[in-house]
Amino acid sequence: MQYQELADDIVAGVGGKDNIISVMHCATRLRFKLKESQKAHTAELKNNPGVIMVVESGGQYQVVIGNQVAEVYRALTARYALDHADNVEDTTPQNLFARFIDLVSGIFTPFIGVMIATGIIKGLLALALVLGVMDASSGSYKVLFVASDGLFYFLPILLGYSAGKKFGGNPFVSMAIAAALVHPLILEAMQQQQAGKPLTFVGIPLEILNYSSSVIPIIFAAWVSSLIERWVHPRSPGAVRNFTTPLVCLLITVPLTFLAIGPAATWLSRLLAEGYLWIYSLSPMVAGAVMGAIWQICVIFGLHWGLVPIMLNNLANFGHDTLLPLLMPAVLGQAGATLGIFLRTRDIKLKAMAGSAFTASIFGITEPAVYGVTLPRRRPFIFGCIGGALGAAILGFWHTTIYSFGFPSIFTFIQVVPSTGIDASVLASFAGAAVALVFACAMTYVFGLRESAAQPVVAEPVADPAPATLTRRESVVSPIAGDVLPLEKVKDETFASGLLGKGAAILPHMGRVVSPVNGVVSSMFRTGHAIGLTSDQGAEVLIHVGLDTVKLDGQYFHPHVQNDQPVKVGDVLLEFDIEAIKNAGFDLTTPVLVSNSDEFVDVLTLNNSAVSEGSPLLAVLK
């Protein structure tokens, strides 16, 4: 039930079912394509306790959920019948790069988890051979080997299905095209060709290639097939189009693939692989440092999918890849920064969050750590990136190589073991990972948290709470008349946890909000239920009238100011109908937060009882 409620909130937050073109999911995030992204309520989705972060990138509206994303996806698609939504025509304009990222993620996402699993099995088998635990000629080894290698060997067939769906064609037609590419007769024909017996198709010479494990040829073939299908299908008689359309697609696309698409795409894939190797050979150490530093930034915006074809292409062309190992220190760098926060902080909620995020990070799922722990505090994220750069530079210097596909995690250690046994490059992977994790952990522990985060002050209401050593203090007065409630008692975990900033909550006595500071309106929410202010002294104050009141879509709220408007203490910001909102079933508890609390020494509550407009409420210590 909790997944269904979250799914409902997310659909409402992205602008409703009618605003969704398609949706899919990867390891941690729902990836929407929306008709109009401006209809989405991004701020409210970010405030949802079940959502870690919202990112717009690569033409996708990405809602980061965490490890429960598959359950939320199932609940969402079951209720809203979106499981076939990716066949809906997308008319949203996108730039070329955004379309490329969307294309790659759409093709590889459906089976990326299985590919990672098979890569881990292959790594374990390599380690078993090196340690002498198994023999390559044994039945046990062969059974496990085909379990690990079968998917990659027949990878074109899986790509045929997902690419066919992504291009809007019949995925089973593109699967049939892919099956033709890896058919045993083609492998025999290739052997005949190598023996000096060339083949022709209607008199045209054929260049037979081994398409097993290939990536690019079938993607191009699926695209061509989808174009043919779009032209043929509406022009075929309705009674026979179910088989005439696939018939025409196969008769045209399969020969065309063997004659032109396959050789051209294979040449392109080899050029891409050799181009990467040329760049890598210029300075493997520098390449490692760069990739280790920017990988998590790419993950934040979903741009990491652009590198997946390069990794798979390297494996298909060379049987190994040097790009993927460079990313493992970047993952463990964020894990180290998260561990540093876990060891340093005395905030119980932050410690619990950091502990669970650290566990997920070492297994390659860094979104909870990045969005929930390191990135909001800036320095830990930076230390994690620097640690990743240092560690990856070590791997690059020693040319650490991976022999099966996976995503960077602690499992990468077993996937870098060559068949010849453990060598210096394998030892370098351990050294690089240790440097990344230890550096990020140590730097975060010492410099990553401000004193208030490491040793939070529990304040009692006093006339002047500022210690003598703190010479600057900004006052935030109450914007509403009502009863003060400690923030941790708010019935919304996002506010109660302090993730959005420190402050207090007020149960309103009257339906009016006035400015608590001198400053400017930085964000007047379209629905009128919340407003952000930036004071003249730099405090960013968020006033959120009620819980979940975004669902009212502006009803009962009457703003009196607009974005970028200067305000003084006591100026009326907005009015709202208390009784109407209560009758609609909403909780009117109103959090008043300093959203950039981490930039100050502390934010203290000055009053724990009833307050009037303009009464002292918060003290921001600098």
Side-chain angles (χ1 to χ4, degrees), residues 86-87 89-90 96 99-100 102-104 106-108 110 152-237 240-274 309 312-313 316-317:
D86 48 328
N87 291 329
E89 183 178 1
D90 179 11
L96 185 61
R99 293 176 64 185
F100 171 71
D102 175 66
L103 174 67
V104 172
I107 291 175
F108 289 98
F152 196 69
Y153 185 88
F154 294 105
L155 181 60
I157 297 179
L158 277 80
L159 289 172
Y161 179 81
S162 58
K165 290 191 67 176
K166 188 62 183 177
F167 290 126
N170 185 334
F172 296 102
V173 172
S174 47
M175 285 180 71
I177 297 169
L181 293 178
V182 295
H183 196 281
L185 279 179
I186 296 301
L187 297 179
E188 292 179 13
M190 186 179 68
Q191 294 174 356
Q192 293 177 15
Q193 179 179 268
Q194 293 172 347
K197 300 177 181 179
L199 298 178
T200 63
F201 178 79
V202 295
I204 304 174
L206 282 172
E207 182 182 358
I208 304 298
L209 302 170
N210 185 358
Y211 293 106
S212 299
S213 306
S214 62
V215 176
I216 297 180
I218 184 56
I219 293 178
F220 277 95
W223 175 61
V224 171
S225 178
S226 69
L227 295 179
I228 296 172
E229 182 178 340
R230 291 176 193 172
W231 191 88
V232 173
H233 192 75
R235 293 170 173 79
S236 299
V240 296
R241 65 173 46 152
N242 284 340
F243 67 85
T244 55
T245 300
L247 176 64
V248 174
C249 290
L250 289 172
L251 287 177
I252 295 177
T253 309
V254 171
L256 186 62
T257 301
F258 282 113
L259 289 169
I261 297 175
T266 300
W267 173 82
L268 178 62
S269 66
R270 289 175 179 170
L271 186 66
L272 179 65
E274 290 171 359
L312 290 173
N313 193 52
N317 281 278

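Starting from 1, each residue takes its place in the sequence as its number. Just so we're clear, the structure is a prediction, and the values are computed from it rather than from any experiment.
In this structure, Ser174 OG and Ile157 CD1 are separated by 11.0 Å, a value rounded to the nearest 0.5 Å. Expressed to the nearest 0.5 Å, how far OH of Tyr153 lies from OG of Ser214 amounts to 10.5 Å. Here the CD-CG distance, from Glu274 to Asn317, works out to 8.0 Å after rounding to the nearest 0.5 Å. Note that CG of Leu209 is 7.0 Å distant from CD of Gln193, once rounded to the nearest 0.5 Å. Taking CD1 of Ile186 as the reference point, atom CG of Leu181 lies at 8.0 Å (rounded to 0.5 Å). Once rounded to the nearest 0.5 Å, the distance linking CE of Met175 with CG of Leu159 reads 11.0 Å.
At least one side-chain heavy atom of Phe154 sits less than 4.5 Å from a side-chain heavy atom of Val182. Under the 4.5 Å side-chain criterion, counting only non-hydrogen atoms from C-beta, Ile216 is in contact with Asn313. Two residues are said to be in side-chain contact when any heavy atoms from C-beta on lie closer than 4.5 Å; Val215 and Leu155 meet this criterion.
Shown here are the side-chain contact (heavy atoms from CB on, under 4.5 Å) partners of Phe167, two or more places apart in sequence or in another chain: Leu103, Ala163, Ile219, Ala222, Trp223, Ser226. Residues passing the ring-ring contact (aromatic ring centres under 6.0 Å, His included) test with Phe201: none are found, sequence neighbours excluded.
Thr245 and Ser236 make their closest contact through OG1-OG, 4.0 Å (heavy atoms, listed as atom of the first residue, atom of the second, distance). Here the closest non-hydrogen pair linking Arg230 and Arg235 is O-NH1, 4.5 Å. Taking each heavy atom of Ser213 and Pro156 in turn, the nearest pair found is N-CD, 3.8 Å. Nearest heavy-atom pair, Ile177 versus Ala221, reported as atom, atom and distance to 0.1 Å: CG2-CB, 4.1 Å.
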Listing, residues 252-267 side-chain donor-acceptor contacts under 3.5 Å, not counting sequence neighbours, or none:
{"residue": "Thr253", "atom": "OG1", "partner": "Cys249", "partner atom": "O", "Å": "2.7"}
{"residue": "Thr257", "atom": "OG1", "partner": "Thr253", "partner atom": "O", "Å": "2.6"}
{"residue": "Thr266", "atom": "OG1", "partner": "Gly262", "partner atom": "O", "Å": "2.7"}

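Proximity of a side-chain donor or acceptor of Glu229 to a complementary backbone N or O of Gly169 within less than 3.5 Å is not detected.
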